[in-house]
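Note sheet for the following structure.
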There are 2 protein chains.
Amino acid sequence: MTLDETSKTAGISLDPATCPVRQVLDGVSDKWSILVMAALHVTPRRFSELRRDIPDVSQKVLTQTLRKLERNGLVDRKVTPTAPPRVDYSLQPLGQSLFARFSPLAAWAIENRAEIDAARSAYDARS
Amino acid sequence: MTLDETSKTAGISLDPATCPVRQVLDGVSDKWSILVMAALHVTPRRFSELRRDIPDVSQKVLTQTLRKLERNGLVDRKVTPTAPPRVDYSLQPLGQSLFARFSPLAAWAIENRAEIDAARSAYDARS
DNA sequence: TCCATATGGTTTCCAAAAGATACTTAACAC
DNA sequence: GTGTTAAGTATCTTTTGGAAACCATATGGA
């Protein structure tokens with residue numbers, strides 16, 4: 001960011017590094033984070049249970065997703081060093097409260113799905 | 001998705017294609033969409049005004065971002081075929097209503113920034 | 001005993017997508 | 001010619017995700 005941190009015409013912060021919405025979304029806007037949170041929101045789960053619930057995610061990416069959620073304090077990871085190892089994941093209070101903020105978004109999506117589809121069809125027809 | 005569309009253990013839809021939150025986020029979770037909507041939320045703007053307001057975005061990517069927002073019915077693009085050409089962008093009602101849904105998210109981010117930072121520091125210290 | 005299977009990963013390789021950078025276009029005003 | 005406006009194009013790099021192999025441990029079955 002080479003220019004001012006605030007817009008001269010409107011006074012809003014337009015630096016991605018200080019945009020609070022972006023900071024939240026960067027933590028969860030990958031392909032699987034929200035689905036993982038949705039699964040854990042219902043009940044805590046083991047790693048292999050998550051894999052069965054979300055069959056399209058690869059082992060590696062599920063691990064990465066969980067690590068990221070854990071690092072941001074949204075998910076708790078508890079290792080029971082038995083053999084074979086047992087790892088339980090659960091939503092932290094912070095994760096619960098964030099996940100709750102997505103309900104209005106989901107409601108909006110369901111309400112406005114038709115309108116979005118119509119806009120897309122109209123746009124595609126124009127070009 | 002090769003297995004069931006619904007989780008057997010919890011009954012939640014875990015197909016990315018049918019997750020309403022994902023459908024919304026896929027439309028706006030790129031690097032610039034939200035900032036563009038924030039700028040247009042304040043007041044309609046011309047292309048070059050947006051470029052000045054968000055100096056880090058390249059011409060090409062700003063064009064792509066605006067096209068995507070327009071296609072989804074969130075942003076209106078009005079061309080005045082003068083010379084040099086004039087193009088005005090504004091938030092459609094659909095875009096206004098979606099943008100409003102991000103306010104709770106922004107509030108959450110500001111409220112919990114400290115806790116997230118603490119979680120990250122703790123995680124990084126452990127490893 | 002040998003083999004398969006489950007667990008929770010890690011590692012390597014690869015493809016697709018996103019974004020950055022630079023160059024080009026085309027109209028007009030000066 | 002130079003500058004301004006709103007793009008389009010071409011190429012490169014970075015990021016992201018997926019596929020498959022590997023590992024260590026332990027259990028269950030033939």
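Labels below follow one simple rule: chain letters A, B, ... track the order of the sequence lines, proteins then strands, and each chain is numbered from 1.
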Sugar-phosphate, base or nothing in reach of A:Ser48, heavy atoms under 4.0 Å: sugar-phosphate

Value in whole Å for how far the P atom of C:dG9 lies from CD of A:Gln64: 13 Å

For atom CZ of A:Arg86 and atom P of C:dG9, their distance in whole Å: 13 Å

5'-most by nearest nucleotide on DNA chain C - B:Thr65 or B:Ala83: B:Thr65

Residue-phosphate contact under 4.0 Å: B:Arg46 side-chain N/O, D:dA6 OP1/OP2: yes

B:Thr82 side chain to B:Pro85 backbone, donor-acceptor under 3.5 Å: no

Residue mapping more 5' on DNA chain D - nearest nucleotide basis, A:Pro85 or B:Asp88: B:Asp88

Heavy-atom check, side chain of A:Asp88 versus side chain of A:Arg45, under 4.5 Å: no

Touch class at under 4.0 angstrom, heavy-atom based, for B:Gln59 against every strand present: base

Phosphate OP1/OP2 of D:dT4 contacted by B:Arg52 side-chain N/O (<4.0 Å): no

Phosphate contact (C:dT10 OP1 or OP2) by A:Arg67 side-chain N/O below 4.0 Å: yes

Whole-Å distance separating the NZ atom of B:Lys31 from the P atom of C:dG19: 7 Å

Any residue meeting side-chain contact (heavy atoms from CB on, under 4.5 Å) with A:Ser90, in chain and number order, not counting sequence neighbours: A:Pro44, A:Asp76

A:Asp30 vs B:Val87, nearer the 5' end of DNA chain D by closest nucleotide: B:Val87

For atom CD of B:Glu49 and atom P of D:dA6, their distance in whole Å: 8 Å

Length of the CZ-P vector between A:Arg77 and C:dT7, whole Å: 16 Å

hbond_proxy B:Lys60 side chain to D:dG8 base (donor-acceptor, 3.5 Å cutoff): no

Sugar-phosphate, base or nothing in reach of A:Arg51, heavy atoms under 4.0 Å: nothing

Nearest-Å distance for atom pair CZ/P, residues B:Phe47 and C:dA26: 18 Å

Atom pair distance, as rounded to whole Å: CG in A:Asp56 and P in D:dA19: 9 Å

Value in whole Å for how far the C1' atom of D:dG17 lies from CG of A:Leu62: 13 Å

Distance in Å, A:Asp53 CG paired with A:Arg46 CZ, rounded so as to fall on 0.5 Å steps: 13.0 Å

B:Ser121 and B:Asp124 side chains, donor-acceptor separation under 3.5 Å: no

